[in-house]
Each structure stands twice: as C-alpha cells, then as structure tokens.
K.L.:
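This is the structure I want to talk about, given as structure tokens.
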Amino acid sequence: MEKARTELLIPVRCYDLAATLTSGQAFRWRFVDGRWEGIIGEHWVRLKNAPDAIVAQTAIPVSNWHWLLDYLQSDVEIESILSSFPVDEPMRASVGLCRGLRLLRQDPWECLASFILSSTKQIVQIQQIVGLLGSRFGKPLETPPGHEPVYSFPPADTIAAATEQELRGCKMGFRAPNLLRSARMIARREVDLEAIRSLELGKAREELLRLPGVGNKIANCILLFAYGFQGAFPVDVWVMKALRQLYFPKRRPKAERLLRFTNTYFGPNAGYAQQYLFHYMRVHGRQAKG
DNA sequence: TCAGACCCTCACAG
DNA sequence: ACTGTGAGGGTCT
C-alpha cells in the first residue's frame with residue numbers, strides 16, 4: 001500500500017481544468033483563490049493546473065487515489081482524440097479556442113440526478129440546486145480547518161426516502177417528482193445503474209429512458225459523462241445552434257435531419273466533439289439567435 | 001407530429 | 001429601488 005498523503009502530482013499534458021470543470025458536465029466545482037474546489041464522492045478536493053501536471057490536495061490523507069484519476073480521466077490521450085475529429089472549420093475553431101477540454105467520468109447516480117435537475121435551467125442554477133440537495137441530504141465531509149462545510153451528494157436511497165415537498169424546498173420546482181420517482185426506481189433496483197456499465201450503448205440508453213425526467217438528451221449526457229460511452233452525443237439548445245449556424249447556415253434542416261447528421265459525422269469520439277462545440281457556442285454564441 | 005405546461009430564479013429593461 | 005418580462009444543457013402529454 002502506498003503511503004497516505006494529502007497531495008498528489010498528476011502528470012498530464014493538455015488538460016484545461018477551468019474549461020473542463022465549468023463546461024456543464026459537473027456542477028460541484030468552485031474557483032477559489034486561483035484553485036478549483038470540488039467534491040468527488042466522499043472526498044473534498046482542490047485542484048490546480050501546473051506545467052504538464054495537475055496538483056491535487058485533499059483534506060485528509062489518502063493512500064489510494066484511483067477515485068480521482070478515474071474521475072479526471074487524466075490518462076486519456078487528448079491529442080489523438082482531437083486528431084480523430086472531422087477536418088472542418090467549425091471543429092478547427094472550437095479546438096483552437098481551447099485544447100485540453102476533457103470529459104470527466106462521474107458517478108452515474110449523481111450525474112443522473114444532476115441532469116434530471118438541469119432541464120430548462122442555467123448552469124449556475126443547477127449548481128445552486130445540487131448544492132442545496134447536498135447540504136440538506138448529504139453527509140458532511142472533512143475539509144481544511146476553517147473551511148466552510150461541504151457535503152457529499154446524497155445517495156438514491158436517501159432521496160427516495162424524502163418527500164416531494166422537501167425536494168421542492170431545494171428550488172427544483174417541477175423536477176422534484178421526476179427526481180423522486182427516479183430515485184425510488186433505483187432504490188428498488190427496478191433500474192440497476194451498475195448493470196448498465198456492461199450493456200451496449202443502445203440497451204444502456206433504453207434502460208435510462210425508463211426513468212421519469214430522462215429523455216434523449218439527458219440519457220446521452222449520462223451515457224457520456226458517467227459511463228464513458230464516447231459515441232453518445234447529447235444535443236441541447238446550444239449544440240443545436242452550433243449545428244445550424246456552423247454546419248447548415250443557409251438551409252433550415254429539421255431537427256431530425258440534424259440528429260441523423262450527428263450520428264455519423266463526428267466519428268468515434270463524437271462525445272468529445274460535442275463538448276468542444278458546446279464550449280465554442282457558450283463563448284461565441286451568447287447573443288446570436290439561432 | 002406538436003404546442004403547452006411545468007416551478008422557480010435570475011438577468012435585464014424600463 | 002422596484003415591477004415587468006423572458007428564458008433557462010428538457011420532458012411529457
């Protein structure tokens with residue numbers, strides 16, 4: 001067993017923490033004094049970019065850091081993924097804006113719950129709701145002395161035992177019944193989130209779609225951000241805008257036509273491509289109407 | 001196939 | 001300051 005310590009140097013090239021942690025994949029990160037503070041499972045952790053590395057700090061000594069390396073996906077060779085993208089102007093512009101935008105590998109339940117809460121919400125609002133859920137239903141975690149309290153994301157069993165009113169108290173509005181019913185289905189093992197890991201993409205998606213509040217977009221988010229199905233391609237309003245503006249500026253293709261386009265055009269790492277397009281639109285497309 | 005409803009909060013006008 | 005208005009990483013009917 002390795003010696004337990006509170007700091008780890010993770011050698012990695014081309015990893016943009018800021019872009020990755022604010023890209024709408026995960027909702028538990030804050031930028032404080034030049035570093036990123038967040039919660040992964042039951043760990044409070046602080047991250048900082050260094051030359052060709054990420055420096056990680058925890059509140060209590062850790063001997064096995066697998067949870068962090070798996071979450072960050074720092075072993076992924078991003079350059080080979082970037083070079084698998086289609087060679088066109090939109091992708092060139094998107095990648096040029098920010099190399100080192102990564103996909104995280106999150107816990108399926110937390111990811112699922114977060115994205116049920118995401119529908120017609122802005123990212124800051126999702127962060128607020130997830131934070132409230134943690135503070136009301138999560139478990140307090142160790143932090144550095146004097147640090148404000150932080151909480152783990154409450155497990156499905158805990159949410160399943162809550163009432164709709166309690167959940168609405170976390171400002172999630174009409175999403176509350178969806179979260180509650182989904183949590184109950186998972187608590188009863190009507191849907192087995194672990195078993196989904198070993199399914200094929202299509203079957204995995206079918207399973208997720210059984211959950212209330214999970215449609216195609218959110219299912220694809222979970223497939224991509226939690227299970228690592230890199231062919232999953234979530235299409236939200238931003239990506240839809242990107243497709244229309246960047247790929248079909250003259251025509252007015254129907255949504256179905258665009259979806260068919262995404263199924264083949266972006267190749268084996270379509271999920272990464274989608275994330276770069278999303279980022280591009282968030283930077284450039286704010287006031288542009290699609 | 002397709003609007004509308006759905007809770008609530010924040011940004012932005014005026 | 002204060003109220004009015006619109007829209008926000010969708011889903012369901």
Side-chain angles (χ1 to χ4, degrees), chain A residues 19-29 94 98 101-104 106 108 110-133 135-136 162-183 185 191 205-227 229 232-246 252-260 262 266 270-290:
Chain A
T20 301
L21 299 178
T22 62
S23 65
Q25 303 175 61
F27 304 99
R28 308 215 70 195
W29 293 94
S94 298
C98 164
L101 173 58
R102 303 293 194 117
L103 288 178
L104 303 168
Q106 302 177 61
E110 177 171 343
C111 186
L112 162 66
S114 301
F115 277 95
I116 286 177
L117 300 175
S118 76
S119 80
T120 57
K121 278 290 182 194
Q122 299 181 105
I123 289 175
V124 284
Q125 298 177 25
I126 304 166
Q127 290 169 333
Q128 182 191 23
I129 299 171
V130 169
L132 279 170
L133 259 186
S135 63
R136 304 218 177 149
T163 65
E164 184 180 324
Q165 287 217 328
E166 288 175 311
L167 296 181
R168 279 179 187 264
C170 298
K171 304 187 177 180
M172 67 182 72
F174 64 77
R175 302 155 195 82
N178 289 336
L179 180 64
L180 183 56
R181 290 171 56 208
S182 286
M185 287 175 71
V191 170
R205 186 184 286 119
E206 270 180 39
E207 275 301 290
L208 292 172
L209 288 172
R210 292 175 51 207
L211 297 163
V214 178
N216 253 301
K217 188 271 172 178
I218 290 178
N220 282 328
C221 284
I222 303 161
L223 291 168
L224 184 61
F225 301 145
Y227 291 108
F229 285 102
F233 196 97
V235 178
D236 59 37
V237 292
W238 291 102
V239 173
M240 191 61 90
K241 265 187 210 170
L243 295 173
R244 288 189 192 282
Q245 276 180 28
L246 302 176
R252 293 222 154 251
K254 297 197 170 182
E256 190 215 352
R257 170 77 188 86
L258 290 171
L259 291 180
R260 216 156 10 97
T262 65
F266 291 98
Y272 276 89
Q274 174 271 160
Q275 203 63 15
Y276 278 84
L277 287 175
F278 179 66
H279 185 258
Y280 180 88
M281 288 307 284
R282 290 230 302 150
V283 173
H284 280 99
R286 284 216 166 275
Q287 63 276 54
K289 293 286 177 194

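Bear in mind that the values here come from a model prediction, so they are computed numbers and not experimental data. Quick note on labels: first sequence line is chain A, next is B, and so on, each numbered from 1.
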K.L.:
On DNA chain C, nearest-nucleotide positions of A:Val239 versus A:Gly213: which is more 5'?
P.N.:
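Its nearest nucleotide lies further toward 5', so the answer is A:Val239.
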K.L.:
Going by modelled atom types, is there a donor-acceptor pair between the base of B:dC8 and the side chain of A:Lys121 at under 3.5 Å?
P.N.:
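It does, because a donor-acceptor pair links the side chain of A:Lys121 to the base of B:dC8 below 3.5 Å.
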K.L.:
Tell me the interatomic distance from A:Asn178, atom CG, to B:dC7, atom P, rounded to whole angstroms.
P.N.:
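The answer, rounded to whole Å, is 10 Å.
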K.L.:
When you measure from the side-chain N and O atoms of A:Arg168 to the phosphate of B:dC7, is any distance below 4.0 Å, counting only OP1 and OP2?
P.N.:
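It does, given that an N or O in the side chain of A:Arg168 lies less than 4.0 Å from OP1 or OP2 of B:dC7.
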K.L.:
What would the secondary structure line of DNA chain C be in dot-bracket form, counting Watson-Crick and G-U wobble pairs under 3.5 Å, with [ ] for pairs that cross earlier ones and | for pairs with another strand?
P.N.:
.|||||||.||||
K.L.:
When the P atoms of B:dG4 and C:dG6 are compared, how many Å lie between them, rounded to an integer?
P.N.:
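My reading of the P atoms in C:dG6 and B:dG4 gives 15 Å.
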K.L.:
Taking any heavy-atom pair under 4.0 Å as a contact, classify A:Gln125: base, sugar-phosphate, or nothing.
P.N.:
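Base, at least one base heavy atom under 4.0 Å.
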K.L.:
Once you apply a heavy-atom cut-off of 4.0 Å, does A:Gln275 come out as touching a base, just sugar-phosphate, or nothing?
P.N.:
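Base: the residue A:Gln275, judged by heavy atoms under 4.0 Å, touches a nucleobase.
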K.L.:
Does a side-chain heavy-atom distance below 4.5 Å link A:Gln127 with A:Thr22?
P.N.:
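Result no, sub-4.5 Å side-chain heavy-atom pair not found.
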K.L.:
Between B:dA3 and C:dA7, how far is it from one P atom to the other, in whole Å?
P.N.:
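Comparing P positions in B:dA3 and C:dA7 gives a spacing of 16 Å.
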K.L.:
A:Arg175 CZ to B:dC8 P: how many Å, rounded?
P.N.:
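After rounding, the reported distance stands at 10 Å.
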K.L.:
Whole angstroms only, please: what is the CD1-P distance between A:Ile126 and C:dT11?
P.N.:
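After rounding, the gap between these two atoms is 12 Å.
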K.L.:
Starting from P on C:dA7, measure out to CH2 on A:Trp238 and report it in whole angstrom.
P.N.:
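Roughly 13 Å, once rounded to whole Å.
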K.L.:
How many Å lie between CG on A:Leu209 and C1' on C:dG10, as a whole number?
P.N.:
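It works out to 13 Å between those atoms.
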K.L.:
In whole Å, I'd like the distance from the CG atom of A:Asn220 to the C1' atom of C:dT11.
P.N.:
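Computing the A:Asn220:CG to C:dT11:C1' distance gives 14 Å.
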K.L.:
Could you label the plane-to-plane angle of the A:Phe27 and A:Phe115 rings as parallel, tilted or perpendicular, counting under 30° as parallel and over 60° as perpendicular?
P.N.:
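If you compare the ring of A:Phe27 with that of A:Phe115, the planes turn out perpendicular.
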K.L.:
I want to verify a distance call: between C:dG8, B:dC10, C:dT11, whose nearest atom is closest to the A:Gln128 side chain?
P.N.:
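Shortest atom-to-atom distance from the side chain points to B:dC10.
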K.L.:
From CD1 of A:Ile116 over to C1' of C:dT11, roughly how many Å is that when rounded to an integer?
P.N.:
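Result: 11 Å.
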K.L.:
NA contact type, A:Pro234, heavy-atom cut-off 4.0 Å: base, sugar-phosphate, or nothing?
P.N.:
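Here A:Pro234 touches the bases of the nucleic acid.
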K.L.:
Could you tell me whether A:Val235 contacts a base, only the sugar-phosphate backbone, or nothing, with contacts defined as non-hydrogen atoms closer than 4.0 Å?
P.N.:
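The answer is nothing, as A:Val235 stays clear of every strand by at least 4.0 Å.
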K.L.:
Can you see which heavy atom on A:Asn220 is nearest to which on A:Ala232, and at what distance?
P.N.:
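Smallest interatomic distance, heavy atoms only, reads O-CB, 3.7 Å.
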K.L.:
Which atom pairs, donor and acceptor, lie under 3.5 Å between side-chain atoms of residues 206-213 of chain A and protein residues at least two apart or in another chain?
P.N.:
{"residue": "A:Glu207", "atom": "OE1", "partner": "A:Arg210", "partner atom": "NH1", "Å": "3.1"}
{"residue": "A:Glu207", "atom": "OE2", "partner": "A:Arg210", "partner atom": "NH1", "Å": "3.4"}
{"residue": "A:Arg210", "atom": "NH1", "partner": "A:Glu190", "partner atom": "O", "Å": "3.3"}
{"residue": "A:Arg210", "atom": "NH2", "partner": "A:Glu190", "partner atom": "O", "Å": "3.3"}

K.L.:
What is the nucleic acid contact for A:Ser23, judged by heavy atoms within less than 4.0 Å: base, sugar-phosphate only, or nothing?
P.N.:
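Result for A:Ser23 = base.
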K.L.:
Does A:Glu256 reach a base, just sugar-phosphate, or nothing at all? Heavy atoms under 4.0 Å.
P.N.:
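Since no nucleic acid heavy atom lies under 4.0 Å of A:Glu256, the category is nothing.
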K.L.:
Quick check, does A:Phe174 stack with B:dC7? I mean ring centres under 5.5 Å and planes off by under 30°.
P.N.:
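No; by the centre-distance and plane-angle rule, A:Phe174 does not count as stacking on B:dC7.
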K.L.:
Taking side chain as C-beta onward, heavy atoms only, is A:Tyr227 less than 4.5 Å from A:Cys111?
P.N.:
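Sidechains of A:Cys111 and A:Tyr227: no contact.
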K.L.:
Between A:Leu104 and A:Phe225, is there a side-chain heavy-atom distance shorter than 4.5 Å?
P.N.:
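Result no, sub-4.5 Å side-chain heavy-atom pair not found.
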K.L.:
Which atom names give the shortest non-hydrogen contact between A:Cys98 and A:Tyr276, and what distance separates them?
P.N.:
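A:Cys98 and A:Tyr276 have their closest heavy atoms at O-CE2, 2.9 Å.
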K.L.:
Out of C:dT11, C:dG8, B:dT9, which nucleotide sits closest to the side chain of A:Lys217?
P.N.:
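Of C:dT11, C:dG8, B:dT9, C:dT11 is nearest to the side chain of A:Lys217.
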K.L.:
Distance only, no hydrogens: is a donor on one side chain within 3.5 Å (strictly under) of an acceptor on the other, for A:Gln165 and A:Thr163?
P.N.:
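Absent: no donor and acceptor within the cut-off.
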K.L.:
What integer number of Å spans the P atoms of B:dC7 and C:dT13?
P.N.:
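It comes out at 13 Å once rounded to the nearest Å.
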K.L.:
Within the 4.0 Å heavy-atom criterion, would you say A:Phe115 contacts the bases, only the backbone, or no part of the nucleic acid?
P.N.:
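No contact at all - A:Phe115 keeps every heavy atom at 4.0 Å or more from the nucleic acid.
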K.L.:
Just verifying a value: how many Å separate A:Ile123 CD1 and A:Arg282 CZ, rounded to the nearest 0.5 Å?
P.N.:
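Reported value, rounded in 0.5 Å steps: 3.5 Å.
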K.L.:
Please report, rounded to the nearest Å, how far the C1' atom of C:dG8 is from the CD atom of A:Gln127.
P.N.:
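The distance from CD of A:Gln127 to C1' of C:dG8 comes to 14 Å, rounded to the nearest Å.
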